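Working notes for the structure below.
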Amino acid sequence: MSSSKKSRIVKFKTSDDKTFEVEEAVAVQFETIKSMIDYVCANDCTIPLPNVNAKTLAMVVEWCKKHADERDQLMEVDVDEAPGAVLYDLLVAATYLRVEDLIHRVSQRVSKMVIEIGKLPEEEDVRKTINIKSDFPPQVEEELRKLRRTLGPLSDVLVLFVSSGLLE
Amino acid sequence: MSSSPTGTRKSGEGERKKMANMRNRDLPEEMLVEILSRVPVKCLVRFRCVCKSWYALSTNPHFITKHLACATSHNHHRGAILKGWGWDQWVALGHLQPHVSTLSNETLELSGDVDLTQLFQDEVVRLLVVGLCNGILCFAGTLRKNPKLYGGDYDHVVLWNPATRESKMLPQMDIPTSTSCTSNFGFGIDPKTNDYKVVRIMSFDSHCEVVVYSLSTNSWRVIDSSPSPSYSIDLPFHPSYLNGVHHWWACEKEDEEEEIPDNRFLISFDMSNEVFQEVLRPPAVGYVYGDIAVINDSVTLILPYMCDVKKWFEIWVLNESGVERTWTKIFTIEDIFHRWDLIQLREDGLVVLRTHEACSLVLYDPETQELRDLRIYEPDCQLVTYTETLVSLNGPGNLVEQQDNS
């Protein structure tokens, strides 16, 4: 603890094999590794991050360095314009490192996209957009199609299916 | 097919493309939960029809709890306006059926119009929102087929989640028809068991009986605790449940008969311990009746004062920091025509008033004294702000999971 005045450096190795030096003040914001900082610094270890690449880690570090009020701005510039793939990487990294605030901000941002998808008129369009297939049994699917225009919210129909054991 | 302007449509498509980009990779459940818990209920209810796993997620009690926490802290709030709730003659004559519409707190747009008959499975002549908790509204109503109750008791209780449109009619209770009874209600969640409860205080001529309904058992039971039979308790007009406790105004029946206004007090019911208590006596004197409400997580008093044709309201909140409990006046709503009514105190400090002349609702800013006509004309209505939640009344999700506040 002799060098307590001096800021320590925590070393990371990213998924694309780059070594990254992060100041302790930033690294303590990563809940996942917070408790191991002392050990890592004392033993000069490098923490491997198998699912975070260098570009994404740089973004996370920049985010952590900013004050809360500046983060809004960073979000607008870097995240709002970021294509989905970048947001995905960012969310994976934030979740892995457990940077709660960043998880919230990215999730909030992605939820806006999800809301847009929710506005699509047909269920099939929703499935196509997010690249998933309906896994309801064929008879449920058929009933859904038949009933969708005569009954109210489709979810009501599903509740019926569940209660009749069709969906189990 | 979409009629939205090209601008929004285009940006909508952009958003969807980005999402498609994300979906090309596998989204771990943990991340999906984080994202979907920030999506409004309406959208999630739609997604239930997309695939099994999304259906399963949006009906999962853990997810519902997580979504509730997000919705509460991120202002997915809406106003529910109950119309024709107690206009006895008109409703009883069949001129008016109680309806609920939704008023957006931001855009002030009115939408939807739900006929509450379907909730009660019968015609209702009197209706009141008696409680509100986690997006669930609790209604007490009187059915048309029970005319002896008109102007008297409420005999049916219904819980309703306006966001998912799910409702539940509570089991009926046998009350001897020969006795005259008036009921009061409270609704909330027991924070220890996370079970939703309705408390019904039945006042008979010389005694009081209290029954508690719990959603987990779907039944009523009599409890030992009861307020003094000498109390007259006001039905709630504003939602007044907070942190496991429901609140009401009360007074001694004798004082009420002699119209002594200063002797009014508050009583509360603890949803966990199931006991009644008197709350710290309200501060000021000289007001003509008052209302109690819960605004911004504080028990709030709305105290009206009148002088000639002017009226003003003092708004007091109960501070509960530490051991000491005190009442603090937070603001005054000045210069209101004496026949106008206060319909709602909003969390943003604005208030909704009902004008006497046209029975129209206006949004009023007590600071700037600016008025904005909401273009809603209702002689009798109630307006409450609720959070849109997935809380389920019939499914396994009706128990809210213990929230981890650590």
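This structure is a prediction, so every number in the text was calculated from the model and none was measured. Within every chain, numbering begins at 1; the chains are lettered A, B, ... in the order of the sequence lines, protein sequences first and strands thereafter. Only heavy atoms go into these numbers, but all of them, side chains included; no hydrogens, no water, no symmetry mates.
- Atom-to-atom distance recorded for B:Glu34:CD and A:Leu91:CG is 7.5 Å, nearest 0.5 angstrom.
- More than 12 heavy-atom neighbours from other residues, nucleotides or ligands sit within 6.0 angstrom of CD on A:Glu100.
- Atom CD of B:Glu109 is surrounded by 12 or fewer heavy atoms from other residues, nucleotides or ligands within 6.0 Å.
- B:Glu30 has a carboxylate O that lies under 4.0 Å from a charged side-chain N of A:Arg98, or vice versa, which qualifies the two as a salt bridge.
- Closest approach of B:Cys43 and A:Gly118 over heavy atoms only: SG-CA, 3.7 Å.
- Atom CG of B:Asn243 has 12 or fewer heavy atoms from other residues, nucleotides or ligands within 6.0 Å.
- Interface remark: B:Leu44 contributes no atoms to any contact with chain A (heavy atom separation under 4.5 Å).
- Residues B:Arg38 and A:Lys112 have side chains not in contact (no heavy-atom distance under 4.5 Å, counting atoms from C-beta outward).
- Counting only heavy atoms from C-beta outward, the side chains of A:Ile115 and B:Pro40 approach each other to under 4.5 Å.
- Taking CD1 of B:Ile35 as the reference point, atom OG of A:Ser111 lies at 8.0 Å (rounded to 0.5 Å).
- Note that the SG atom of B:Cys70 and the NE2 atom of A:His104 stand 7.5 Å from one another [nearest 0.5 Å].
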